[in-house]
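Structure first, then comments.
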Amino acid sequence: MMSALITPGLAALDADLGPDKHDVIRALAQRVADAGRVTDLDALVADALAREEVSATGLPGGLAIPHCRTSGVDEPVVAFARLSPPVDFGGKDGPADLAFLIGAPAGGDATHLTILTKLARALARPEFGQTLRETDSAEQAAQTILEAVGDVPAPAQSATPEPAPAPATAEKRSLVAVTACPTGIAHTYMAAEALQAAAARAGVEIAVETQGSAGATPLPAETIDRADAAIFAVDVGVRDRSRFAGKPLVSSGVKRPIDDADAMIAEALAAAADPSAARVESGRSEASESNTAAAESWGGRARRILMTGVSYMIPFVAAGGLLIALSFLLGGYDITDVYGAVMVDNTLTNLPDVQALGLEHALFDSALAVYLGALLFVIGKTAFMLFIPALAGYIAYAIADRPGIAPGFIMGALAVNLFGVVNADGVAAPATGFLRAIAGGVLAGVIAHWVSRWRVPSWARGLMPVLVIPLVTSIVAGLVMIVVLGKPINWLMERLTDGLAALDGTSAVALGAVLGLMMAFDMGGPLNKVAYSFAATGVGAASLAADSPELRIMAAVMLAGMVPPIALALATVVRPQLFTDAEQENGKAGWLLGASFITEGAIPFAAGDPMRVIPAIMLGSAVTGGLSQLLDVGVRAPHGGIFVLFAVTNVLGYLIALAAGVIVGAAAVIALKSIGRAPVPAAATS
């Protein structure tokens, strides 16, 4: 039979447990040990302190909830102290006078975790804390906590389902939310409780999916469809995120709603009324369409891991590419021959000699423009040197959390030969790029995750994340990368490069069309990101020749990604009666989003009518991708849309390809929406 969560001996009133939170945690853990409730005191203390380092556990209202999952206990246990004097746990409104040390067994079953879920929800209610402040006996404090937990539920009840809200009316808005924290014990459920209370105060219906350690009951599809906006209050990835595709989104860490739930509810309502608000990106996997799979599928996990790496990589690519494009605008394309000399030999007071350097394309033949162009080129190329390591590093991070970042970056650096290793003849070590980076990131993440699960003495636990895991992972993964994977992946990359260089005529047009289909299919999802990563990586390593195939591929991908939002915007103007009022508003924003190469601007339309919208925009993007290749359009910047026309080769062809795809896409949308479907009622469009 399971022991009580807390007993009077585990509660202390008006206790001085030390001047800081570390002392309080140790004292509460010792109290648990004195009650005979630990199997390893050092493990409990170490794991609670490690969780504290992830983020502070102080909460508004004078509460602190240090907590952990640990091998130091076999059953869930809570130690409580009313602190005098209060101690700072990092709470927003000052030190805490009520501290709860919550320990959950590392292999705890559903019953254990559901008990802790109920306690976390009780902590979010002000009257709970007030009762504990007013009691004058440890027995009463323990009883108050036990009453909050209630009867132990049957093990089959692994999650507390959220009640589905009644259908939203014109007067009452509806929201959905997801809360999740790294341990899934406390903040997940307190955030949910805070959001529900704030929604009630605002007269708004809300359904919250708690993705905690006690499991999750996915929100029904009809509840999500009915919602006006979504709130993600998470410190980890949202499982099956694409179920919410197209919903206006407010996102934050899991602690924010505990501190300021009313503001988040207000922001969600404002986002629901704002056509240009951020929205949940699309994704189309079987796992994301299942409303019954609480656990993440292998396919969903693989997608999340890859998308994590890509999402962290893109800022390096975008910033680096735009900086290089600006450097070309200022100093001309031949700045690449002299940037080193200009940076080293010149200053703002000693500008370079444009004629002596032979820079025929410098802006206004300006020495200042050449100097700035050289500096921007150096900064941009530095960003480009780092984006492959970032891809590998954050793939490893998605698998092993923070201990995987350093080994992952090292594997990415090996993939691009960042150190510049050469032999006596000047032949460089293989620089195999993104394929090897993906393999290296996965390898580093898997090894780091494996090492992190080693059982080590308590004195060594603090060394694991900062020394042991990075060291062991870097040695093992690095040797595998160099000795085992280096030459085979290099051979494969050489074949891909040779094939790319050989593309011409019909084959290049077909490649452009395929890339266009990928860009439009899921509008920011995995296929879109694969196509974009393929192109952006090529730009990072491309030669500067105007006819470089990598630059043509980048142009095809960028143009194809611009088509969906613009085509839908045009369709709303040509046949507004086929679109709802909200879609017409989204169409107004679609012009700028598409022009800026933000394909996600098409998501609201696709979410509402995927069977008609997605095939139409895929057709338009395929036409643009193929035409871009046919017209030999090239672009040296990996992002920016029409705002980087100065980096485009054959601007006329660029505009022709874009216009053709937009017209085809808009015509296809109008045709498909006109077949077998009555126009939107006038009331909906007025």
Side-chain angles (χ1 to χ4, degrees), residues 312-393 406 409-434 437 497 536-548 550-551 554 634-640 643-644 646-649:
Y312 280 104
M313 177 195 81
I314 286 175
F316 288 88
V317 179
L322 290 172
L323 284 167
I324 290 175
L326 287 171
S327 76
F328 292 158
L329 175 66
L330 295 172
Y333 297 135
D334 37 10
I335 193 70
T336 57
D337 299 326
V338 298
Y339 69 88
V342 171
M343 179 177 176
V344 174
D345 298 337
N346 299 111
T347 65
L348 283 172
T349 58
N350 177 29
L351 295 172
D353 186 329
V354 178
Q355 283 70 37
L357 292 172
L359 300 177
E360 300 178 358
H361 303 97
L363 185 66
F364 305 130
D365 291 324
S366 167
L368 178 61
V370 168
Y371 180 68
L372 294 176
L375 299 186
L376 292 179
F377 185 84
V378 171
I379 298 170
K381 286 297 288 184
T382 301
F384 263 147
M385 291 175 69
L386 292 174
F387 81 79
I388 290 294
L391 172 65
F409 264 84
I410 294 170
M411 297 309 106
L414 288 173
V416 294
N417 191 20
L418 192 65
F419 191 59
V421 177
V422 297
N423 66 9
D425 299 323
V427 178
T432 48
F434 75 100
T497 301
T537 304
V539 170
S543 70
L544 298 176
D547 61 349
S548 172
E550 291 90 349
L551 303 185
M554 187 71 251
V635 62
R636 290 176 170 81
H639 216 291
F643 300 103
V644 291
F646 59 83
V648 171
T649 303

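Atom CG of L359 and atom CG of L330 lie 12.0 Å apart (nearest 0.5 Å). One finds the CD1 atom of I388 at 13.0 Å from the CG atom of L414 (value rounded to the nearest 0.5 Å). Atom CD of residue Q355 and atom CG of residue D365 lie 6.0 Å apart, to the nearest 0.5 angstrom. The line from CD1 of I379 to CE of M343 is 8.0 Å long, rounded to the nearest 0.5 Å. Taking OG1 of T382 as the start and CZ of F377 as the end, the distance is 9.5 Å to the nearest 0.5 Å. Once rounded to the nearest 0.5 Å, the distance linking CE of M385 with CG of L418 reads 4.5 Å.
Residue V342 comes nearest to A374 through the heavy atom pair CG1-CB, 3.6 Å, listed as atom of the first residue, atom of the second, then distance. Of all heavy-atom pairs spanning G373 and S327, the tightest one is O-CB, 3.0 Å. The minimum heavy-atom distance linking V370 with A362 is given by the pair CG2-CB, 3.5 Å. Between A367 and P352 the shortest heavy-atom distance is CB-O, 3.2 Å. Of all heavy-atom pairs between Y371 and N346, the closest is CE1-O, 3.4 Å. When every heavy atom of P389 is checked against every heavy atom of A413, the shortest pair comes out as CG-N, 3.8 Å.
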_Verdict with reasoning, L368 to L348, per side-chain contact (heavy atoms from CB on, under 4.5 Å)_ = CA-CA 7 Å; L368 178 61; L348 283 172; 3.8 Å; yes

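Contact check for V378 versus Y339: side-chain heavy atoms found under the 4.5 Å cut-off. You'll find the side chain of L326 reaches within 4.5 Å of the side chain of L376, heavy atoms only.
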